[in-house]
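A note on names: the letters A, B, ... follow the listed sequences, proteins ahead of strands, and every chain is numbered from 1.
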Amino acid sequence: MSSPPQVLAERFRVALGNAFGPELADVDPVIRPSQFADFQANVALPLAKRLGSKPRDVAARLVESLGLSDITQPPEISGPGFINLTLRPEWLADQVRTLARDPRLGVPTEPSQVVPIDYSAPNVAKEMHVGHLRTTVVGDALARTLEHLGHRVVRQNHVGDWGTPFGMLVEHLLDVGEHSEEAELLVTSPNDFYQAGRAKFDGDEEFAARARRRVVALQAHEPETMRVWRELLELSKSYFHSIYTLLDVTLTDADLAGESSYNDELAQICDELEAAGIATVSEGALCVFLDGFTGREGKPVPLIIRKSDGGYGYGTTDLATIRHRVRDLRADRVLYVIGAPQSLHLQMVWATARKAGWLDDDVEVVHVQIGNVLGADGKILRTRSGGPIKLRSLLEEGVDKAGQVLAQSRPELSPQDREAIALHVGIGAIKYADLSVSHDSEYTFDFERMLSLTGNTGPYLQYAAARIRSILRKAGSPVGDADVVLTEEAERLLARTLLGFGDVVTQVGVTLEPHRLCGYLFELAQAFTTFYESCPVLKADDDSTRASRLVLCSVTLDVLVVGLGLLGITAPEQM
RNA sequence: GCCCCCGUAGCUCAGCUGGACAGAGCGACAGACUUCUAAUCUGUUGGUCGCAGGUUCGAGUCCUGCCGGGGGCGCCA
């Protein structure tokens, strides 16, 4: 089904053609939300110049040609030439009824694209921290949203599973014993494992020497070393699993596309680039120099693809990665949901890939820049002692705090129920806080704010859904396909808001900005709450009003649940 | 030095790709519970949109230059 702005735009297209000729039919009617009506069309203003007449006259001619009487009240021209459009309640009601029957709730199915999304990317044998939280949560929301729009999303979890530290880690794992309690730390508290290895490396010459030899063995793919390395990965996978499960993130083992998976291609990448004259040796390293990339003192910035010691860095891996996504996955659009500081690096990788012919112009690559998460002091979030905060403890704290609030406000619920709700509320609050501000801006982490039941928070939206569920439970009979009648202003506003869902989801697919969906859902929850306050549902004056309002409740719940679902947030049955 | 991001109400943030007087939430102040979950609501308060030019009928939004904050800029990813 089409959204109101879409329907209006189509009518304007016809009117523009009739009034000013077919060549102007496709001018954007510039339909926008209005503070004086439901929508306003601003097209008369830019058109006036083109036609050489006054904006108000253009608007008047347009209104004459406009066949809208079935949809809107008579359009009004105001100000310099705005056309104000107020939807007829009957038409709105009809649209809501159609929405109620639409399993997609107004969300279109777009022509399917293949969209690899690079997100999360934790490191093997390291604890995830708040930095990973944001890319994981935003990336997952984008994956869910694009999938819902009909695209084929290929999740790519580019985990850090290769490099010199792994010599030390393998050696340490062998030292402590593969099935020891120490080894189990990789699953429960990876940083402790890493730091124990690190401490030994720094303090024990003999171990350090062994670790360095192990790096060589690893790079030579020596079988026993590789076996232990794989064991390291397995343990880390369990750790990732536990976090992803707790976070309710869709990533699975099948999505792992770690750095090591490109090992076999790195030499060839270098050879090919060197043969093509794209890469040249400088100071012993094989580098790509690109026009337009200059650093200090105007010196060209290199993308180093082979270090002077013969090793490969992440630049080479990233080239193999983009090639794989385009050539093997046949991507139409590639998303990198990673930290903002990597911007320059990505630009260089892409430019190199384009030069090498691995990245066609018709493939869109986007860096969804993730801003830092800050503490109350405005600095990157850390523990009081200055160390990075473990993601797991952060999540557990959120769930814990949500549980405390519930214990106070809903003492009548069983501890089991409260625990289940606290999980959804705590995790939902943290995820929503991450999603509701634009992904590229830094944001301040504040439990109190994100767990608040008022304001633009996860719990507020969940609460709205829980109240609707409570009504529907008490309604007894299922919500039928009743006529919708909009008499109260609160009903009108709720109806109009509901009809905007599809457009917002579409927009998120284009701009890759989940915070727009958050803003919409907040608006919807507010519209519902206002309706809830002023329009009794179960105690409505008559049966038809009751039935109509039940439809409104039901559709609102559907949109909230689906919308939150696209964000990766669950709406609990009760709160 | 060059490049990227940011600067909007006391605080945290929006601002729908250029449209009418700049919006929310929190905070503060004043109200609303025999009512479907009062953890929810209503109202009031509050801003030279960092500064100065420019483009435009119209600029928080686009361009240029400053000021201020963050980040990046050759062998860590």
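Anti is the classification of B/U64, since its glycosidic angle lies more than 90° from 0.
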Table of protein N/O atoms under 3.5 Å from nucleotides 56-62 of chain B N/O atoms:
unit_1, atom_1, unit_2, atom_2, d
B/U56, O3', A/Lys49, NZ, 3.3
B/C57, OP1, A/Lys49, NZ, 2.2

Give me the distances for all protein-to-nucleotides 28-33 of chain B N/O pairs that come in under 3.5 Å?
none

Just the atom pairs and distances: protein N or O near nucleotides 6-12 of chain B's N or O, under 3.5 Å.
unit_1, atom_1, unit_2, atom_2, d
B/U12, O4', A/Arg449, NH1, 3.4

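Residues passing the ring-ring contact (aromatic ring centres under 6.0 Å, His included) test with A/Phe293: none are found, sequence neighbours excluded. Not counting sequence neighbours, the partners of A/Asp542 by the side chain to side chain contact (heavy atoms under 4.5 Å, CB included) test are A/Ser544, A/Thr545. Among residues two or more places apart in sequence or in another chain, the ring-ring contact (aromatic ring centres under 6.0 Å, His included) test is passed with A/Phe447 by A/Phe445. A/His345 meets the ring-ring contact (aromatic ring centres under 6.0 Å, His included) test with A/Tyr314; sequence neighbours excluded. Applying the ring-ring contact (aromatic ring centres under 6.0 Å, His included) criterion to A/Trp162, with sequence neighbours excluded, gives A/His221, A/Trp229.
The side chain of A/Tyr460 contributes an N or O atom lying less than 4.0 Å from OP1 or OP2 of B/C41. Dashed line: the shortest gap from a side-chain N or O of A/Ser470 to OP1 or OP2 of B/U37 is under 4.0 Å.
Among the protein residues, A/Arg516 comes within range of the sugar-phosphate backbone only, with heavy atoms under 4.0 Å from sugar or phosphate atoms but none that close to a base. Within the nucleic acid shown, A/Val301 comes within 4.0 Å of sugar-phosphate atoms alone, with no base atom in reach, counting heavy atoms only.
Contact annotation: side chain of A/Ser282 to base of B/G74, donor-acceptor pair present below 3.5 Å. No N or O donor and acceptor, one from the side chain of A/Asp318 and one from the base of B/A77, sit under 3.5 Å apart.
Applying the side chain to side chain donor-acceptor pair (under 3.5 Å) test to residues at least two apart or on different chains, the pairs with a partner in residues 37-56 of chain A are A/Ser34-A/Gln40, A/Asp38-A/Arg492, A/Asp38-A/Arg496, A/Gln40-A/Asn42.
Side-chain atoms of A/Ser78 lie closest to B/A20 of the nucleotides B/U17, B/C73, B/A20. The side chain of A/Tyr463 sits closest to B/U37 out of B/A77, B/U37, B/C41. If you check B/G72, B/U37, B/G25 against the side chain of A/Lys474, the one that comes closest is B/U37. Closest approach to the A/Gln574 side chain among B/U42, B/U37, B/A24 is made by B/U37 (side chain taken as heavy atoms from C-beta onward).
Applying a 4.0 Å cut-off to non-hydrogen atoms, the residues of residues 27-41 of chain A that approach RNA chain B are A/Arg32, A/Pro33, A/Gln35, A/Phe36, A/Gln40, listed by residue number.
Taking all atoms of both residues into account, the shortest heavy-atom contact from A/Ala571 to A/Val561 is CB-CG2, 4.3 Å.
If A/Val510 and A/Val425 are placed on RNA chain B by their nearest nucleotide, the residue sitting closer to the 5' end is A/Val510. When each of A/Ser308 and A/Phe82 is assigned the nucleotide of RNA chain B bearing its nearest heavy atom, the one mapping closer to the 5' terminus is A/Phe82.
With no hydrogens or angles considered, no side-chain donor-acceptor pair links A/Gln507 and A/Asp503 at under 3.5 Å.
Using bins of under 30°, 30° to 60° and over 60° for the plane-to-plane angle, the ring pair A/Tyr336/A/Trp350 lands in the tilted bin.
If you take CZ of A/Phe289 and P of B/C75, they are 12 Å apart, rounded to a whole angstrom. Distance, A/Phe293 CZ to B/G1 C1': 18 Å, rounded to whole Å.
Rounded to a whole angstrom, the distance from the C1' atom of B/U48 to that of B/C41 is 34 Å.
Base pairing in RNA chain B gives the following stems of 3 or more Watson-Crick or G-U pairs, range against range and under 3.5 Å: B:1-7 with B:67-73, B:10-13 with B:23-26, B:27-31 with B:41-45, B:50-54 with B:62-66.
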Result block: side-chain N/O donor-acceptor pairs under 3.5 angstrom for residues 424-437 of chain A, not counting sequence neighbours:
unit_1, atom_1, unit_2, atom_2, d
A/Lys431, NZ, A/Leu247, O, 2.8
A/Lys431, NZ, A/Asp248, O, 2.9
A/Lys431, NZ, A/Gly568, O, 2.6
A/Tyr432, OH, A/Asn456, OD1, 2.5
A/Tyr432, OH, A/Cys518, O, 3.0
A/Asp434, OD1, A/Arg134, NE, 3.2
A/Asp434, OD1, A/Tyr443, OH, 3.1
A/Ser436, OG, A/Tyr432, O, 3.0

